[in-house]
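Notes follow the structure.
Values below: all heavy atoms of this structure, side chains included; hydrogens, waters and symmetry mates excluded. Everything quoted here is computed from the prediction, not taken from an experiment.
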Amino acid sequence: MTAKKIFVHTFLLIGVIFSIFPFYWLVVMSTNETSAIFSFPPKLVFGDYFLTNYQHVMDNINFYRALFNTLFIAVVSCVLQLFFNSLTGFTFSKFKFPGSKVLFYLMMATMMIPAQMLLVPQFIIIKEIGWLGSYKALIVPGIASAFGIFWIRQYALAIHDDLLEAARIDGCTKFGLYWRIALPILRPALAFLAITTFMGVWEDYLWPLIVLTDTSKFTLTLTLQQLKSVHTGDYSMVMTGTLLATVPLIAFFLIVSRQFIAGIMEGAVKS
C-alpha cells in the first residue's frame, strides 16, 4: 500500500470515528447514571442502568403513542411525496405543454424562499379550513416539494425517449408510461428522496409545535422536549428517550439505503 493510500485511509478512518462517536456517546450515557456524564475522565464504557432509564422514560411520557404519531405522519408524508414528486418530475422532464417551462421556473424560484417565511401564511390557511391540531395539518402541506420535483426531473431526463415511444406504440397510456416504465428506472432517486423526506418529517419540531394542540397527537420531538423540560437534571433518562427515538430512523435509513445502492448497481450493470 502506497503512502498516499495510507494517508487517505487514515483520514477516512478518523472521519468515521468523529462521525460515529456522538451516537456511541448517546448509547453509553443511556446505559449509565446521570452522574457518569459529569465524571472525569469521562466514562466511555457501557453500564447496566439502561432498563432503569427505559422505565423512567415510560413512566414520564407516553412514548409509544408519540412513536405511533411520528411513524404514521412520516410514512404517509413519505408515500405522498414520492408519488406526487415523481409524477410531477416525470411530467416536467418528458412532456411539453404550454407554460411548462414557466411553471417549472416558478416552482424553482420557491426554493429561494426561507421556510420560516411560510409559517405564518400556512398557519392562517390551516386555521381557516379547520385543520388546526389534526394530522392533516402536518401531512398535507408537505405532500410535494420543489426540491423533490427538481430531483426527480433531473433523474428522469436520463430515460431514453425511444423506450417511452416503444411503450406508446404498444398502447401504453401517459400514466402507464409513468407507472410501468419510469418508476422502476427512478428507484434509486426515489430511495434517496424517501430517506431525506422521512428524516425531515421525523426530526421536524417547529411546525408540529405550532399546529398541534392535543398532547395525544404530539410527535416524538415534542414529547422528548417535554421530558427534557420536566426532568432537566436526569440527563441519562433524556439520553435514553433520544436513543429510543433514533433507532427507528436508523433502521429506516439502513433499509432504504440498501435499495438505493442496489438500484445504482443495477443501473451500472445494465449500462
With a 3.5 Å distance limit and no angle check, can you tell me whether [X] reaches the backbone of [Y] through a side-chain donor-acceptor pair?
| X | Y | result |
| --- | --- | --- |
| Thr221 | Asp204 | yes |
| Trp131 | Ile125 | no |
| Ser100 | Lys96 | no |
| Glu33 | Ser236 | no |
| Thr70 | Leu220 | yes |
| Asp170 | Cys172 | no |

Could you tell me whether [X] atom [atom1] has more than 12 heavy atoms of other residues or ligands within 6.0 Å of it?
| X | atom1 | result |
| --- | --- | --- |
| Arg168 | CZ | yes |
| Phe11 | CZ | no |
| Phe7 | CZ | no |
| Phe63 | CZ | yes |

Please report the shortest heavy-atom distance between [X] and [Y], naming the atom on each side.
| X | Y | result |
| --- | --- | --- |
| Leu243 | Leu26 | CA-CD2, 4.0 Å |
| Ala74 | Val201 | CA-CG1, 3.6 Å |
| Asn85 | Ala144 | OD1-CA, 3.4 Å |
| Ala245 | Trp202 | O-NE1, 3.0 Å |
| Pro248 | Leu67 | CG-CD1, 4.0 Å |
| Ile126 | Pro141 | CD1-CG, 4.1 Å |

Just wondering, do Val28 and Leu44 contact through their side chains at under 4.5 Å, heavy atoms?
->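 Sidechains of Val28 and Leu44: no contact.
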Option passing side-chain contact (heavy atoms from CB on, under 4.5 Å) with Leu186 (candidates Leu82, Ile152, Ile181, Leu193) |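 So the option named by the test is Ile152.
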Tyr135 and ring pair (Phe, Tyr, Trp, His ring centres under 6.0 Å): which partner among Phe218, Phe72, Phe68?
->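 The single option meeting the ring pair (Phe, Tyr, Trp, His ring centres under 6.0 Å) with Tyr135 is Phe72.
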Treating Ile, Leu, Val, Met, Phe, Trp and Tyr as nodes and any side-chain heavy-atom pair under 4.5 angstrom as an edge, say whether Val16 and Ile14 lie in one connected cluster.
-> no
With ring centroids as reference points, do Phe21 and Phe18 lie under 6.0 angstrom apart?
-> no
Residue pair Tyr178, Thr91: steps toward the side-chain hydrogen bond (donor to acceptor under 3.5 Å, both in side chains) verdict = CA-CA 8 Å; Tyr178 158 75; Thr91 301; over 6 Å; no
Could you list the residues that satisfy ring pair (Phe, Tyr, Trp, His ring centres under 6.0 Å) with Tyr24, not counting sequence neighbours?
->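 By the ring pair (Phe, Tyr, Trp, His ring centres under 6.0 Å) rule, Tyr24 matches Phe46.
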Check: Ser30/Tyr54 side-chain N/O donor and acceptor closer than 3.5 Å = no
